[in-house]
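Contents: one structure, followed by commentary.
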Protein chains: 2
Amino acid sequence: MDDREKQRRVEVFAGHCRDRSLPFTSQRRMILEAVLDLDNHPSADQVHERVARRLPGISRATVYRTLETLVRLGVITKACHPGRVVRYDRRTDVHHHLICLNCDEVADISDEHLDAIPLPDTSALGFELSDHRVQLRGICQTCREKEEGS
Amino acid sequence: MDDREKQRRVEVFAGHCRDRSLPFTSQRRMILEAVLDLDNHPSADQVHERVARRLPGISRATVYRTLETLVRLGVITKACHPGRVVRYDRRTDVHHHLICLNCDEVADISDEHLDAIPLPDTSALGFELSDHRVQLRGICQTCREKEEGS
DNA sequence: TTAAGTGCAAAAGCTTTGCGGGTAG
DNA sequence: CTACCCGCAAAGCTTTTGCACTTAA
């Protein structure tokens, strides 16, 4: 992500903080910047590792708490995947995922046809629909190469 | 799931065991039956709790190991969701999920239009596509009622 | 000033692993 | 017989929580 877009996203977060009278701390800013730098749907620990390069004393607890705050404010999202750790996604727009059923990795993919599919009416179920994601499930290149090698 | 369908699924698993010379133990059969009984994308611990009703001595380790075996054989699947525990899905056919962004719960939904959407060509990315799922994201009825109440 | 955030350390929750004994085929 | 599974307990990871101190506004 280029610096201009990153700066814009940080400003959006700063605005949310002002609106809600929440302190805009340097830790929070750096945690958001770290998520925006990472394009691999990082776990909290991977975010912590990256932030710690710039701010060596930062606590894991702060990273865990801040990531949940960012999700609650809608600044970032959680990625849906089959694994056992929470993973975050810097993207908040409609996009889709390639999911490897062998290693559980998630990669982004954009496709305008998938963006435009007609969604069913879920109001009868009491479900308030906001948006959608398509998961394309299969085997990633890395895992295929490993299988061939073995 | 009705008993006939359950019986059929158990037979499919028994066949896989015969093909691969794997022991078809009573623990394995009861663990599969428990997953087939549960329609809420249960965690390993929820499966363990249900199996333990019929087989009080069963170990958590056996449940964890057996669920992974069932996934590897393609008898059940893992559900993709935003939470921090692994959750299993008795369904192996194409279907879709309602995902609550508030409580992370997953509910099944079937829709023939979503089943039939055109999938992009991922071969250029080295990704071998097998199938797809659509995640419909929003707020579930339970969470909406809680919000109104507060 | 003060409400909220931060760091630390301990606790809690989920999952995996090593091992001795048991069992399906 | 023999390879594989089972139960147990301990270890390993990820995430949450309580508390004293610090800080943004």
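To find a chain, count down the sequence lines: A is the first, B the second, and so on, and within it residues start at 1.
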Under 3.5 Å, which donor-acceptor pairs do the side chains of residues 122-141 of chain A form with other protein atoms, sequence neighbours left out?
| unit_1 | atom_1 | unit_2 | atom_2 | d |
| --- | --- | --- | --- | --- |
| A:Thr122 | OG1 | A:Phe127 | O | 2.9 |
| A:Ser123 | OG | A:Asp121 | OD1 | 2.7 |
| A:Ser123 | OG | A:Asp121 | OD2 | 3.3 |
| A:Glu128 | OE1 | B:Arg144 | NE | 3.4 |
| A:Ser130 | OG | B:Arg137 | O | 2.9 |
| A:Asp131 | OD1 | B:Arg137 | NE | 3.0 |
| A:Asp131 | OD2 | A:Arg133 | NH1 | 3.1 |
| A:His132 | NE2 | A:Leu114 | O | 2.9 |
| A:Arg133 | NH2 | A:Asp93 | O | 3.4 |
| A:Arg137 | NE | B:Asp131 | OD1 | 3.0 |

Residues 13-27 of chain A side chain polar contacts: donor-acceptor under 3.5 Å, at least two apart:
| unit_1 | atom_1 | unit_2 | atom_2 | d |
| --- | --- | --- | --- | --- |
| A:Thr25 | OG1 | A:Arg28 | N | 3.2 |

Specify the closest pair of heavy atoms between [X] and [Y], including all atoms of both residues, with the distance to one decimal.
| X | Y | answer |
| --- | --- | --- |
| B:Leu101 | B:Asp104 | O-OD1, 4.4 Å |
| A:Ile76 | A:Asp89 | CB-O, 3.6 Å |
| A:Lys78 | B:Pro82 | CD-O, 3.7 Å |

Could you state the atom-to-atom distance from [atom1] of [X] to [atom2] of [N] in whole Å?
| X | N | atom1 | atom2 | result |
| --- | --- | --- | --- | --- |
| A:Arg72 | C:dG5 | CZ | C1' | 13 Å |
| A:Arg18 | C:dA3 | CZ | C1' | 19 Å |
| A:Arg60 | C:dA11 | CZ | P | 18 Å |
| B:Leu67 | C:dT16 | CG | P | 10 Å |

Polar side-chain atom of [X] near backbone of [Y] as donor-acceptor pair, under 3.5 Å:
| X | Y | result |
| --- | --- | --- |
| B:Thr62 | B:Ile58 | no |
| A:Thr92 | A:Gly74 | no |
| B:Arg87 | B:His41 | yes |

Residue pair B:Arg28/B:Arg84 against DNA chain D: nearer the 5' end by closest nucleotide is B:Arg28
Contacts to DNA chain D from residues 76-83 of chain A, heavy-atom cutoff under 4.0 Å, which residues? none
In 5'-to-3' order, the base (B), backbone-only (S) or no-contact (-) status of each nucleotide in nucleotides 18-25 of chain C, using a 4.0 angstrom heavy-atom cut-off, is B-----SS
Enumerate the residues from residues 31-44 of chain A whose closest heavy atom to DNA chain C is under 4.0 Å, giving them by residue number; use none for an empty result. none
Side chain to side chain contact (heavy atoms under 4.5 Å, CB included) partner of B:Arg90, chosen from B:Leu38, B:Asp108, B:Asp39: B:Asp39
A:Ile31: which of A:Leu36, A:Leu55, A:Leu67 passes side chain to side chain contact (heavy atoms under 4.5 Å, CB included): A:Leu67
Side-chain donor-acceptor pair under 3.5 Å between B:Asp115 and B:His96, yes or no? yes
So where does chain A start and stop touching DNA chain D, 5' to 3', when the test is distance under 4.0 Å to a non-hydrogen atom? D:dT14 to D:dA25
Is the phosphate of C:dT15 approached by B:Tyr64 (side-chain N or O, under 4.0 Å from OP1 or OP2)? yes
Is it the case that more than 12 heavy atoms not belonging to A:Glu49 sit under 6.0 Å from its CD atom? no
Kindly check if the number of other-residue, nucleotide or ligand heavy atoms within 6.0 Å of CD (B:Glu5) is above 12? yes
